[in-house]
Amino acid sequence: MTLTCDIAEGFEIRQAVPRDYYKKHLEVLAQLTDVGIVSHKQYVNFVTFATLSQNTYVAVIEHLPSKKIIGSATLFVEKKLIHSCSSCGHIEDVVVDSTYRGKGLGKSLVHHLVGKARLLGCYKVILDCAEKNVKFYEKCGMKQKEKKMEVRFE
Ligand SMILES: CC(=O)SCCNC(=O)CCNC(=O)[C@H](O)C(C)(C)COP(=O)(O)OP(=O)(O)OC[C@H]1O[C@@H](n2cnc3c(N)ncnc32)[C@H](O)[C@@H]1OP(=O)(O)O
């Protein structure tokens, strides 16, 4: 599958950095789920760990004129023994600020992470999503496969 990750003018996709705490990264994530309380120190530690690690890549979209983070998605790279010690990419926590939806930004974010997974040697990329988002991921070039199972600890 050939994937391009062009992005609309005025926006940039890049790896999250500590100053994104002040660019309202957590506010956009709050449109996806309950973020809870995350201090500046915890945010900096997480982003720094993610940047140094070989397995967690947090991508953000910055709206350049307002310097605000308006999109976010994470790629987790799972090292495997199978497929000759290959890796599997997991896409998690995809969200675009409601004001900016419908402009192709979510698709650019997913394509960016799929491209990153390919560069990191993943043999596939998978994710879980609600039924209402299936069409969106199909537009991103993904296909439905198998069923989701979980045990939740709360
Ligand atoms: C693994 C996970 O994290 S699942 C969680 C997904 N995130 C959420 O549910 C959070 C709330 N939703 C959002 O943040 C956004 O609606 C997103 C991320 C799902 C989509 O972001 P957007 O920037 O609006 O999507 P984008 O504009 O790139 O749409 C790409 C294509 O998918 C289509 N599309 C987007 N959402 C939907 C939908 N819900 N149903 C059908 N088609 C859709 C668009 O029409 C577009 O089609 P086109 O390429 O033919 O023009």
Side-chain angles (χ1 to χ4, degrees), residues 1-17 20-38 42-43 46-47 49-51 53-80 86-154:
M1 181 171 47
T2 309
L3 292 173
T4 54
C5 73
D6 293 337
I7 187 159
E9 208 178 317
F11 298 90
E12 176 185 58
I13 302 186
R14 56 170 173 77
Q15 189 164 23
V17 293
D20 291 331
Y21 183 86
Y22 297 113
K23 294 188 173 188
K24 305 198 184 298
H25 186 188
L26 298 178
E27 279 85 337
V28 72
L29 283 171
Q31 293 185 31
L32 173 72
T33 190
D34 174 23
V35 175
I37 298 162
V38 179
Q42 286 173 311
Y43 183 86
F46 181 85
V47 166
F49 160 80
T51 304
S53 80
Q54 298 293 308
N55 61 15
T56 307
Y57 179 82
V58 182
V60 292
I61 301 179
E62 179 170 352
H63 177 239
L64 297 170
S66 65
K67 298 184 168 31
K68 197 178 146 201
I69 300 304
I70 57 89
S72 181
T74 298
L75 173 71
F76 174 69
V77 177
E78 175 198 4
K79 284 298 289 175
K80 295 269 195 190
S86 187
S87 300
C88 170
H90 299 258
I91 289 183
E92 297 277 351
D93 304 338
V94 181
V95 62
V96 171
D97 183 304
S98 57
T99 311
Y100 296 91
R101 289 179 196 162
K103 297 176 185 296
L105 295 169
K107 190 152 85 172
S108 296
L109 204 45
V110 171
H111 284 177
H112 180 75
L113 291 190
V114 170
K116 184 81 187 169
R118 180 172 259 184
L119 277 178
L120 293 172
C122 294
Y123 74 98
K124 68 175 179 181
V125 178
I126 59 176
L127 59 80
D128 293 335
C129 73
E131 188 64 37
K132 67 180 165 65
N133 287 323
V134 167
K135 279 271 178 298
F136 165 68
Y137 288 111
E138 285 176 346
K139 291 275 173 112
C140 293
M142 305 187 84
K143 290 191 184 113
Q144 282 195 74
K145 187 133 194 282
E146 297 166 1
K147 298 284 181 200
K148 167 183 166 172
M149 310 287 284
E150 73 169 23
V151 176
R152 190 167 284 240
F153 304 104
E154 282 179 305

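Heavy atoms only: backbone and side chains are in, while hydrogens, waters and symmetry mates are out. Every number for a ligand or one of its atoms is a count from 1 in the order of the listing. Residue numbers run from 1 in the order of the sequence given.
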Checklist outcome for this item: for atom 1 (C) of ligand 1, nearest protein heavy atom and its distance come out as Asp128 O, 3.2 Å
Item to check | Separation of Glu62 CD from Lys68 NZ (nearest 0.5 Å) | outcome: 11.5 Å
Item to check | Sole residue of Gln15, Arg14, Lys67 in side-chain hydrogen bond (donor to acceptor under 3.5 Å, both in side chains) with Asp20 | outcome: Arg14
Checklist entry - Considering all protein heavy atoms, does one lie under 4.0 Å from atom 44 (C) of ligand 1? => result no
Checklist entry - Should the pair His90 and Phe76 be assigned to parallel (<30°), tilted (30 to 60°) or perpendicular (>60°) ring geometry? => result tilted
Item to check | Atoms of ligand 1, numbered as shown, that sit under 4.0 Å from any heavy atom of Lys132 | outcome: 9 (O), 38 (C), 39 (N), 40 (N)
Checklist entry - Is any heavy atom of the protein nearer than 4.0 Å to atom 3 (O) of ligand 1? => result yes
Checklist entry - Can you tell me if CD on Glu12 sees more than 12 non-hydrogen neighbours from other groups inside 6.0 Å? => result yes
Checklist entry - Is it the case that more than 12 heavy atoms not belonging to Glu150 sit under 6.0 Å from its CD atom? => result yes
Item to check | Subset of ligand 1 atoms that lie under 4.0 Å from at least one heavy atom of Lys107 | outcome: 28 (O), 30 (C), 49 (O)
Item to check | Neighbour count above 12 (heavy atom, 6.0 Å) for Lys135 NZ | outcome: no
Checklist outcome for this item: shortest atom 9 (O) of ligand 1-to-protein heavy-atom contact is with Asn133 ND2, 3.0 Å
Checklist outcome for this item: Ranking Gly104, Ala130, Gly106, Cys140 by closest non-hydrogen atom to atom 27 (O) of ligand 1, top hit is Gly104
Next on the checklist: Side chain or backbone, does Leu32 bring an N or O within less than 3.5 Å of an N or O on ligand 1?
Outcome noted: no
Next on the checklist: Regarding atom 8 (C) of ligand 1: of the candidates Val94, Val28, Thr74, which has the closest heavy atom?
Outcome noted: Val94
Checklist outcome for this item: In ligand 1, the atoms that come under 4.0 Å of a heavy atom of Asp93 are 3 (O)
Checklist entry - Does some non-hydrogen atom of the protein lie less than 4.0 angstrom from atom 51 (O) of ligand 1? => result no
